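Okay, structure first, notes after.
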Amino acid sequence: TGGKPENEQTGWQSGFDLALGNPPWEKVKLSEKEWFANRHPEITRAVNSAARKRLVESLKSDDPHLYQSFLEAIRQASGEGCLIRNTKRYPLCGQGDTNTFAVFAELMRSIISPTGCVGCIVPSGLATDDSTKEFFRSLVESEALHSLYCFENEEFIFPAVHHSFKFGLLTIAGTARRHASADLAFYARQASELDDPQRHFKLSASDLRLLNPASGTCPVFRSERDAE
């Protein structure tokens, strides 16, 4: 929905009421094996990186058009990485082995109004990976995390995604809508499983500091009983 302009008489502040989406899940760094998988499978099947490098070099004469496309892809990935890491637009997620889903999540959080909220589908790694630990810790410490419901894709909710992949439904609240404890659930396979209150557990900032003080990542439990 549309943003609200700053207005001293009404007290309205800028930002969207709702940011809703399914951001892309891709590493910003270019993978030669993945890039050539459909374009030149022989390069992907190379026995090691040295052999793969020789095959790529041979494209200069064997297939200059493909080689030029590869150079352009490298340049684009490098430019995207530079933008994400160096503009200070993404201070929490624009570091390390950057993935686009994390950058989108941080962007969505930054554009909502104080009373707005974010709802998005992200890999569960947002809460458990080292590269996004600062972002997750920030959500919990600022009481912005409303809920995170994580699923295993074993029953192919997403048919095109590998069955072992884990993803979550993330809800973030604006600065005027604090949540002292976030509602969490892991290892669900269907949305109907979230109807079982015993599948949920609560996590506060003090809980996070107690359980994972060094990493700041989310503890993962299958039930409220396990959490207790």
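For clarity, every value in this text was computed on a predicted model and none was experimentally measured.
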Task: With Leu83 via side chain to side chain contact (heavy atoms under 4.5 Å, CB included) - residues at least two apart - done: Thr87
TODO: For Glu224 and Arg199, run salt bridge (Lys or Arg N to Asp or Glu O under 4.0 Å): C-alpha distance rounded to whole Å, both residues' side-chain angles, the deciding distance at 0.1 Å, then the answer.
DONE: CA-CA 6 Å; Glu224 181 183 22; Arg199 294 297 305 271; over 6 Å; no
Open item on the list: Filter on ring pair (Phe, Tyr, Trp, His ring centres under 6.0 Å), then keep only pairs touching residues 205-228, sequence neighbours left out; what's left?
Closed with: Phe201-Phe221
Open item on the list: Surrounding CD of Gln198 (heavy atoms of other residues, nucleotides or ligands, distance under 6.0 Å), is the total greater than 12?
Closed with: no
Open item on the list: Return the CG to NE2 distance between Leu145 and His179, rounded to the nearest 0.5 Å.
Closed with: 9.0 Å
- [ ] Start with the C-alpha distance between Gln76 and Glu80, add both sets of side-chain angles, then the distance that settles side-chain hydrogen bond (donor to acceptor under 3.5 Å, both in side chains), and finish with yes or no.
- [x] CA-CA 6 Å; Gln76 178 175 337; Glu80 290 173 351; 3.1 Å; yes
TODO: Given side-chain hydrogen bond (donor to acceptor under 3.5 Å, both in side chains), test His163 with Asn153 step by step and report yes or no.
DONE: CA-CA 5 Å; His163 70 92; Asn153 199 42; over 6 Å; no
Open item on the list: How long is the straight-line distance from CG of Leu59 back to CZ of Phe70, given to the nearest 0.5 Å?
Closed with: 8.5 Å
Open item on the list: Ala50: which residues meet the side chain to side chain contact (heavy atoms under 4.5 Å, CB included) condition with it, sequence neighbours left out?
Closed with: Asn48, Arg54
Open item on the list: Counting the benzene-type ring for Trp, do Phe186 and Tyr149 have ring centres under 6.0 Å apart?
Closed with: no
Open item on the list: Take a 6.0 Å sphere around CG of Asn86 and say whether it holds more than 12 heavy atoms from other residues, nucleotides or ligands.
Closed with: yes
Task: Donor on one side chain, acceptor on other, Asp207 and Ser204, under 3.5 Å - done: yes
Task: From CZ (Phe151) to CD1 (Ile157), nearest 0.5 Å - done: 5.5 Å
Task: Any donor-acceptor N or O pair under 3.5 Å, side chains Arg109, Ser138 - done: yes
Task: Pair Asp97 + Lys27, salt bridge at N-O below 4.0 Å - done: yes
